[in-house]
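Have a look at the structure below before the remarks.
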Amino acid sequence: MPRIFRHWMLWPALAMLLVFFLMPSVDILRASVMDPELTFRHFERFLERAVYMRVLWHTVEVSFVVAIVCAVIAYPVAYFIVQSPRRVQFLLLLLIFIPLWMSILIRSYAWMVVLGREGVINSLLMGAGLIETPVRMLFTTPAVYVAMIQILLPIQIVTCYSAMSDIDLGLVRAARVLGASPWEATRRVFIPLSLDGTITGMIIVFMLSMGFFITPALLGGRRDLLLANLIEFNVTQLNWGFAAAIALMLLLAAIVGIVVIRLAARLLLRALNGALAR
Amino acid sequence: MKKLTLPYLAGLAAALTLAVAAPAAIAQERTLAVSGSGGIVGEMNTRFFAEPFTAETGIAVERLTSEGSRMAELEAMVNSGRVLWDVMEISASNYPLGVSKGLFEPIDYSKVDPEGLLPPGARAEYGVGAASFSHVLAVRTDQMPEGRMMSSWADFWDVETFPGPRALRNRAEDNLEFALLADGVAEADLYTVLSTEDGLDRAFAKMDEIKPHVTAWWTSGAQSVQLLSDGEVYFGTSYNGRIPPLAQSGLPVEIMWNGGALHTSFVGIPKGTENIEMAHQFIAYRTMNAAQMRQYMAELPYPGFAPGLYDGVAEAVTAIQPTAPANLEAQFSANPEFWGDNLEAIQERWNEWLLE
């Protein structure tokens with residue numbers, strides 16, 4: 001960072017955070033415990049009725065699975081792009097960006113066309129004589145996973161790519177020159193250097209998943225209720241207090257989830273380093 | 001998507017313009033801001049009510065689109081003391097909610113209906129009945145077993161005679177009534193039964209029977225018809241106005257009026273608007289003008305209660321109206337007060353039940 005940087009340059013960003021993030025967050029906190037006097041009944045209700053913890057757990061579970069699968073798929077893709085010539089890189093990134101320009105609603109509807117009873121996959125399978133009655137894919141939990149992964153994958157790929165493109169590939173070459181096998185050079189040099197970006201991507205995907213509600217409502221089965229759906233219902237019923245309490249529980253779960261992802265990353269890094277010491 | 005996006009963007013742009021120019025708009029005094037549904041409902045309202053109203057009175061009508069978050073927006077405006085709407089559409093289920101929160105101005109019936117011609121159900125304290133709509137079962141006639149036709153909720157529950165995937169709305173309202181009707185409860189007793197703990201258990205027990213056969217639980221009207229037209233389900237509930245266009249598009253689909261849930265939606269005045277006089281004028285036009293309403297309901301079967309509405313209406317148009325005598329007879333009147341009082345608790349149980 002050049003010395004020319006001054007703290008006051010951060011002020012616009014800080015002011016924006018204060019007005020558009022911190023103040024509303026404090027307001028949500030206030031709404032959850034002041035209704036109209038100080039009360040914890042909204043949180044008690046959340047903990048007492050089985051439905052809310054179940055939905056919270058399902059939300060966390062779906063978000064973790066989506067984040068992990070996205071990372072596993074995105075990592076080699078980003079690696080492949082980084083290894084490509086500059087011009088090809090640009091083209092590949094463009095291809096990855098295209099679906100991001102479509103609204104989540106449209107992409108969810110598109111999945112209905114693909115997975116439906118009379119949809120593309122069932123028509124193909126039935127036309128080929130492989131099945132006689134349509135396979136049920138739409139309105140199931142796997143349908144939610146497939147769509148959410150497809151929707152969020154580009155974000156993970158791009159985050160991984162930007163971390164990987166900062167890595168000096170000369171370091172990997174140096175490891176090879178010093179006698180490391182290709183896999184060793186990757187494991188000891190490239191993976192540790194690219195891990196941070198991958199983890200950042202996972203956290204972004206995880207947090208976005210925690211707030212999903214259109215996709216599970218359109219593609220999921222009756223059990224695919226996520227916490228955001230319950231917030232929406234309570235807002236339409238003008239039950240701000242309970243909606244705020246649910247939102248805070250969601251925030252809390254997201255923070256715990258992020259800490260868990262970070263800890264897991266540190267363990268992984270230690271395992272890689274341990275291999276180095278041996 | 002064009003249909004969906006354009007009015008939405010227009011509404012958004014209008015809302016933004018209004019937010020910026022609000023003080024000026026108030027000073028002008030000859031513009032009325034009406035908040036309501038977008039899409040085809042918004043289009044037809046503009047064409048058959050807002051535009052002729054402007055031609056007659058010289059009062060410009062600005063239509064602002066608001067959908068699911070309408071009540072949340074209203075409450076925020078009322079609480080902040082800057083009410084940007086003069087008139088608003090109030091759905092059946094939002095009426096008791098808004099009344100309990102004190103978000104509407106009372107209606108002065110000497111200005112809307114001085115002779116008392118509207119039926120009592122349309123003369124609510126804080127809103128005038130503007131449209132009837134039904135939550136009904138729609139069936140694919142090509143998926144019926146030879147020589148049979150689904151004609152009651154008991155049939156919908158009869159998965160042996162009528163096999164095939166089904167869809168219901170993902171809310172407790174109306175569905176529990178449908179379940180009780182299927183279980184043999186008389187229309188007149190629906191809400192007395194539902195008001196008891198045993199009756200509620202009975203409704204959920206009946207829902208247990210159909211649960212495995214319901215493949216989709218829809219959350220929006222658009223989705224409910226999509227399910228039928230995509231062939232995802234053969235029997236599914238929807239709103240009556242959505243079925244005729246589907247049938248016109250060539251899909252063999254029919255409404256089962258028997259046991260349908262009839263609702264009334266209102267137009268009312270947000271608390272604290274400055275244009276109460278003009279708002280009453282518009283509401284009177286929207287609810288009492290039979291000539292305009294006849295044209296509206298020929299396009300969109302959501303009729304109101306204007307006196308003499310059915311006079312001289314073609315048989316084909318009458319047949320698809322939820323308040324046509326024959327259809328009225330077949331349905332039950334939904335009870336918004338019951339749901340206003342109980343929705344939160346019952347919906348919580350509904351969600352738990354769905355997860356089981």
Side-chain angles (χ1 to χ4, degrees), chain A residues 27 31 45-46 48-58 102-103 105-106 108-109 112-120 122-123 133-134 136-140 143 213-227 229-243, chain B residues 1 4-5 8 66-76 78-79 91 93-94 96-98 100-103 164-168 170-172 207 211-212 214-220 222-223 226-227 229-234 339-340 343-345 347-356:
Chain A
D27 208 42
R45 178 176 164 197
F46 190 98
E48 269 165 22
R49 295 296 298 240
V51 60
Y52 301 107
M53 286 309 280
R54 261 180 95 162
V55 173
L56 176 66
W57 180 241
H58 188 56
M102 272 183 272
S103 94
L105 190 63
I106 293 173
S108 300
Y109 265 104
M112 296 176 79
V113 176
V114 174
L115 299 174
R117 281 189 82 224
E118 297 176 1
V120 177
N122 271 321
S123 303
T133 50
R136 184 158 162 203
M137 290 172 284
L138 196 55
F139 313 124
T140 62
F213 75 102
I214 295 171
T215 307
L218 285 178
L219 304 175
R222 62 184 162 88
R223 293 196 182 89
D224 293 305
L225 193 63
L226 298 192
L227 221 45
N229 301 81
L230 293 178
I231 296 175
E232 192 243 14
F233 172 77
N234 280 286
V235 168
T236 60
Q237 297 305 309
L238 304 184
N239 196 349
W240 299 99
F242 192 50
Chain B
M1 278 321 284
L4 236 157
T5 330
Y8 175 76
S66 60
E67 301 280 357
S69 61
R70 188 180 303 160
M71 295 306 281
E73 285 172 50
L74 173 67
E75 196 183 28
V78 171
N79 288 344
S91 76
S93 57
N94 284 342
L97 183 64
S100 72
K101 295 257 178 180
L103 300 177
R166 287 146 159 83
L168 290 172
N170 192 350
R171 285 282 280 268
M207 290 302 301
K211 185 153 78 169
V214 177
T215 47
W217 302 85
W218 53 269
T219 50
S220 73
Q223 198 189 350
Q226 196 69 44
L227 292 167
S229 66
D230 285 352
E232 288 301 331
V233 301
Y234 299 159
W339 285 109
L343 175 63
E344 220 181 293
Q347 185 66 28
E348 195 167 56
R349 178 168 173 181
W350 173 270
N351 287 338
E352 274 164 16
W353 173 81
L354 271 184
L355 294 180
E356 273 160 21

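So that the names make sense, note that chain A is the first sequence line, chain B the second, and so on, each numbered from 1. Quantities reported herein were computed from a predicted structural model and do not represent experimental measurements.
Nearest heavy atoms, B:Glu344 versus A:Asn239: OE2-ND2, 2.6 Å. Contact detail for A:Thr236 and B:Met71: the closest heavy-atom pair is O-CB, 4.3 Å. Minimum heavy-atom separation, B:Glu348 to A:Arg45: OE2-NE, 2.6 Å. The shortest non-hydrogen separation linking A:Phe139 to B:Leu227 is CZ-CD2, 3.2 Å.
Between B:Thr219 and A:Phe233 the shortest side-chain heavy-atom distance does not fall below 4.5 Å.
For the pair A:Arg222 and B:Glu356, the salt-bridge criterion is not met [side-chain N within less than 4.0 Å of a carboxylate O].
Within the 4.5 angstrom heavy-atom criterion, atoms from both the backbone and the side chain of A:Leu218 approach chain B. Both the backbone and the side chain of A:Arg49 come within less than 4.5 Å of a heavy atom of chain B. Looking at B:Arg70, neither its backbone nor its side chain comes within 4.5 Å of chain A, counting heavy atoms on both sides. Of the atoms belonging to B:Ser69, not a single heavy atom falls under 4.5 Å from chain A.
Contact count versus chain A (heavy atoms, under 4.5 Å) is highest, among B:Val233, B:Leu74, B:Leu355, for B:Leu355.
Interatomic distance, CD of B:Glu352 versus CG of A:Leu225, reported as 11.0 Å (0.5 Å rounding). Distance check, rounded to the nearest 0.5 Å: CD of A:Gln237 to CG of B:Leu343 gives 4.5 Å.
With hydrogens and angles ignored, the 3.5 Å screen pairs a side-chain donor or acceptor of B:Glu232 with a backbone N or O of A:Arg117.
Results of the side chain to side chain contact (heavy atoms under 4.5 Å, CB included) test with B:Asn351 over A:Asn229, A:Val51, A:Val55 single out A:Val51 as the only residue that passes.
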Item checked: A:Tyr109 vs B:Gln226, side-chain hydrogen bond (donor to acceptor under 3.5 Å, both in side chains): CA-CA, chis, key distance, verdict -> CA-CA 10 Å; A:Tyr109 265 104; B:Gln226 196 69 44; 5.4 Å; no
